[in-house]
Amino acid sequence: MAGLQPVRGTHDLLPDDSRRHRHVEDTAFQLVRRYGYGEIVTPIFEFTEVFARTLGETSDVVTKEMYTFSMKEGESITLRPEGTAGVARAFISNGLAQSLPLKLFYRGPMFRHERPQKGRQRQFHQVGVEFLGVADPLADIETVSMGFRFLEALGLGDKVTLELNTLGDQESREAYRNALIAYLDPFRSGLSEESRARLDKNPLRVLDSKDEGDKKIVAAAPLMTDCLTPSAKDYFDQLCQGLTDIGVPFTVNPRLVRGLDYYCHTAFEFTTTALGAQGTVLAGGRYDGLIGQMGGPATPGIGWAAGVERLSMLVGDIAATDRPVAIVPMGNAPQAMVLADRLRAAGISVELGFSGNMKKRMARADKADARAVVILGEDEMARGAATVRDLDSGSQTEVALDRLTEHLLAR
RNA sequence: GCGGGUGUAGCUCAGUUGGUUAGAGCGCCAGGUUGUGGUCUUGGAUGUCGUCGGUUCGAACCCGAUCACUCGCCCCA
């Protein structure tokens with residue numbers, strides 16, 4: 001501990017930051033409520049198996065990014081690296097299969113032990129949604145378009161691109177997997193080291209390799225679309241048509257793959273070029289197999305998550321609302337407190353300077369962005385009044401104390 | 001986990017080939033105005049030069065290690 005630094009990859013959110021942060025979260029929840037979502041709050045840690053089993057044993061998140069601790073009792077727990085697994089677990093634990101269909105919103109910190117850089121922290125925040133129980137393209141259309149409307153509500157509609165792909169159903173996926181391996185295997189020695197490893201563990205991931213040599217090989221690889229079953233193809237077509245009808249622009253990216261194993265059918269990603277290497281701002285997909293695989297009743301689901309820090313960086317400053325009124329007493333401190341209490345009870349925010357001469361208190365009122373100052377001077381008090389100064393215009397008038405609340409509310 | 005860059009006041013940054021008391025702007029504090037802010041003006045305080053160690057008569061400056069930040073890779077929100 002050199003000096004008093006925060007732990008690597010963690011950050012304090014000072015009021016200016018947290019206001020932006022809160023704006024993103026609140027915008028998300030407000031919008032999502034219009035679609036019928038309720039908020040779920042799950043613990044920020046779970047038994048390690050909850051993540052290990054659902055995310056896929058070979059995923060990067062599980063193999064090297066989890067914050068895992070062993071308890072005295074010998075149990076292993078992990079700080080959540082993402083939200084879906086915990087929600088799925090809560091769904092099973094609480095027997096929520098009785099309540100389908102179900103729309104759940106969550107927000108809060110996530111933890112991944114990665115090397116920090118811009119837009120990537122070890123503790124970061126996400127807002128996310130899970131829509132459980134409907135295996136119909138309509139659910140996909142609603143969920144994806146809701147993501148777009150959320151970004152629009154933040155003023156980011158034109159800064160962001162939606163990429164869309166389908167991973168097909170299980171049959172399609174298996175057929176594609178085989179086709180891909182059959183295509184890639186002869187090129188094995190020409191692939192990068194990492195892609196060779198992926199070829200064995202998770203061949204789909206070879207598709208989005210950034211290695212130039214791999215890109216050339218992959219360019220001619222068979223596409224998922226070639227292997228789709230008729231029903232999987234139809235599912236995807238309906239989604240595309242639905243998004244078009246609703247006016248959500250997108251491009252189909254056949255190479256788009258999700259990092260986590262539980263996805264099928266729809267995969268999508270909203271990206272921006274404004275954040276350097278971390279372009280993904282909101283992403284998700286369909287995960288029909290997940291809950292069954294965890295030991296719950298087979299339940300289809302689709303969802304997305306968005307990075308609050310990344311979005312905060314894009315939205316810029318959020319003006320503080322609710323400018324206060326400042327009270328500046330001239331040697332009448334107890335009366336000032338009583339007056340402040342009365343005004344606050346009436347719904348007015350009040351800034352009460354606690355020390356200093358008048359000049360200093362006026363300066364502090366200005367810094368607090370007060371809209372007006374109530375000056376409690378000896379002369380006015382004797383008449384049962386106070387001076388109210390408008391800090392924007394600089395004009396001031398004397399107002400009777402019993403009319404003060406009314407006067408300040410009127411502005 | 002791998003590679004590049006950076007680290008001087010609360011913030012943004014200067015600091016000449018190593019040389020004695022380390023600077024600027026903004027911000028902060030106090031005065032000009034003992035009942036009036038935002039402008040102006042005068043003055044003041046800023047600091048383990050990221051940390052530890054080494055070279056040297058002498059290190060903010062050179063070397064090593066370490067920590068943090070940052071950019072990219074990997075991966076992802």
Side-chain angles (χ1 to χ4, degrees), chain A residues 1-11 14 24 28 55 58-65 80-84 107-128 147 151 192-195 197-198 202 205 208-212 257-260 269-272 275-284 303-314 326 328-332 351 353 356-381 386-396:
Chain A
M1 189 163 67
L4 278 179
Q5 290 170 332
V7 173
R8 183 175 208 186
T10 67
H11 292 281
L14 271 25
V24 171
L55 301 182
T58 61
S59 69
D60 278 30
V61 170
V62 168
T63 53
K64 51 188 197 194
E65 294 173 4
R80 63 185 186 191
E82 55 93 51
T84 303
R107 58 176 129 190
M110 306 291 165
F111 305 84
R112 292 184 196 173
H113 193 108
E114 308 176 84
R115 181 89 176 247
Q117 62 185 82
K118 183 176 185 176
R120 189 165 69 193
Q121 303 167 204
R122 289 186 171 181
Q123 176 176 344
F124 61 105
H125 297 78
Q126 291 186 334
V127 292
L151 296 171
S192 69
E193 194 179 327
E194 290 183 53
S195 286
R198 285 169 170 168
N202 190 349
R205 297 217 59 85
D208 59 2
S209 170
K210 306 241 171 30
D211 182 272
E212 286 305 321
V257 171
R258 307 270 62 221
L260 308 179
E269 202 164 291
F270 288 87
T271 59
T272 174
L275 291 179
Q278 275 65 239
T280 304
V281 117
L282 184 154
W304 50 250
V308 176
E309 281 81 1
R310 290 184 185 177
L311 291 173
S312 294
M313 285 190 278
L314 294 174
V328 174
M330 305 301 308
N332 294 298
E351 198 65 40
N357 57 21
M358 185 170 194
K359 179 188 168 89
K360 194 165 180 169
R361 287 172 189 250
M362 289 297 291
R364 216 175 288 145
D366 189 60
K367 199 167 300 170
D369 194 32
R371 58 190 169 98
V373 173
V374 176
I375 299 164
L376 300 180
E378 308 285 344
D379 302 347
E380 302 94 309
M381 293 296 282
T387 297
V388 176
R389 181 181 177 87
D390 184 312
L391 284 188
D392 293 330
S393 67
S395 65
Q396 54 189 58

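For the numbers below, each heavy atom of this structure counts, side chains included, while hydrogens, waters and symmetry mates do not. Labels below follow one simple rule: chain letters A, B, ... track the order of the sequence lines, proteins then strands, and each chain is numbered from 1.
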Classify the nucleic acid contact of [X] as base, sugar-phosphate or nothing, counting any heavy atom under 4.0 Å across all strands shown.
X         : value
Gly128(A) : nothing
Ala365(A) : nothing
Gly147(A) : nothing
Gln121(A) : base
Arg364(A) : nothing
Gln396(A) : base

Give, for atom [atom1] of [X] and atom [atom2] of [Y], the distance between the pair rounded to the nearest 0.5 Å.
X         : Y         : atom1 : atom2 : value
Gln396(A) : Asp390(A) : CD    : CG    : 10.0 Å
Leu282(A) : Glu269(A) : CG    : CD    : 9.5 Å
Leu311(A) : Leu151(A) : CG    : CG    : 6.0 Å
Met330(A) : Asp379(A) : CE    : CG    : 10.0 Å
Glu351(A) : Asp366(A) : CD    : CG    : 12.0 Å

When you compare [N] with [M], how far apart are their [atom1] atoms, in angstrom units rounded to a whole number?
N       : M       : atom1 : result
rC13(B) : rU17(B) : C1'   : 23 Å
rG50(B) : rA59(B) : P     : 15 Å
rA14(B) : rG25(B) : P     : 16 Å
rA22(B) : rG3(B)  : P     : 38 Å
rC40(B) : rG35(B) : P     : 25 Å
rC63(B) : rU55(B) : P     : 15 Å
rG15(B) : rA9(B)  : P     : 15 Å
rC28(B) : rC69(B) : C1'   : 26 Å

Report the distance from atom [atom1] of [X] to atom [atom2] of [N], rounded to the nearest whole Å.
X         : N       : atom1 : atom2 : result
Arg122(A) : rC76(B) : CZ    : P     : 17 Å
Glu309(A) : rU70(B) : CD    : P     : 12 Å
Asp392(A) : rU36(B) : CG    : C1'   : 15 Å
Met358(A) : rG37(B) : CE    : P     : 8 Å
Met330(A) : rU36(B) : CE    : P     : 8 Å
Glu378(A) : rU34(B) : CD    : C1'   : 13 Å
Asp369(A) : rG37(B) : CG    : P     : 17 Å
Glu269(A) : rC76(B) : CD    : C1'   : 8 Å

Side chain of [X] only, please: which of [options] is the nearest?
X         : options                   : value
Thr280(A) : rC76(B), rG38(B), rU70(B) : rC76(B)
Arg8(A)   : rA68(B), rA77(B), rG1(B)  : rA68(B)
Arg120(A) : rA77(B), rC28(B), rG37(B) : rA77(B)
Lys118(A) : rA68(B), rU70(B), rA77(B) : rU70(B)
Ile375(A) : rC69(B), rC76(B), rG35(B) : rG35(B)

Give none if [N] has no partner; otherwise give the nucleotide forming a Watson-Crick or G-U wobble pair with it, both distances under 3.5 Å.
N       : result
rU21(B) : none
rA60(B) : none
rG35(B) : none
rA30(B) : rU42(B)
rU51(B) : rA65(B)

With no hydrogens and no angle check, is any side-chain donor or acceptor of [X] less than 3.5 Å from a backbone partner on [Y]?
X         : Y         : value
Arg310(A) : Gly279(A) : no
Gln123(A) : Gly9(A)   : no
Thr10(A)  : Pro6(A)   : no

Between [X] and [N], is there a contact of a side-chain N or O with OP1 or OP2 at under 4.0 Å?
X         : N       : answer
Arg361(A) : rU36(B) : no
Gln117(A) : rG72(B) : yes
Arg115(A) : rG1(B)  : no

- Which residue, Pro6(A) or Val281(A), contacts RNA chain B at a nucleotide closer to its 5' end, judged by nearest heavy atom? Pro6(A)
- Task: For Pro116(A) and for Ala306(A), find the nucleotide of RNA chain B with the closest heavy atom, then tell me which residue's nucleotide is more 5'.
- Result: Pro116(A)
Pull out every protein N or O sitting under 3.5 Å from an N or O of nucleotides 30-32 of chain B, one pair per line with the distance.
unit_1: rA30(B); atom_1: OP1; unit_2: Lys360(A); atom_2: NZ; d: 2.4

- Query: Going through the distances and angles, do Arg120(A) and Glu114(A) end up as a salt bridge (charged side-chain N to carboxylate O under 4.0 Å, His left out)?
  - Reply: CA-CA 8 Å; Arg120(A) 189 165 69 193; Glu114(A) 308 176 84; 3.7 Å; yes
- Is there a donor and acceptor pair, one atom on the side chain of Asp366(A) and one on the base of rG37(B), closer than 3.5 Å? yes
- Message: Between the base of rG1(B) and the side chain of Glu65(A), is there a donor and acceptor pair under 3.5 angstrom?
- Response: no
- Exercise: identify the closest heavy-atom pair between Val373(A) and Ala365(A): CG2-CB, 3.8 Å
- Message: Against Arg122(A), only a single residue in His11(A), Arg112(A), Glu65(A), Arg8(A) fulfils side chain to side chain contact (heavy atoms under 4.5 Å, CB included); can you say which?
- Response: Arg8(A)
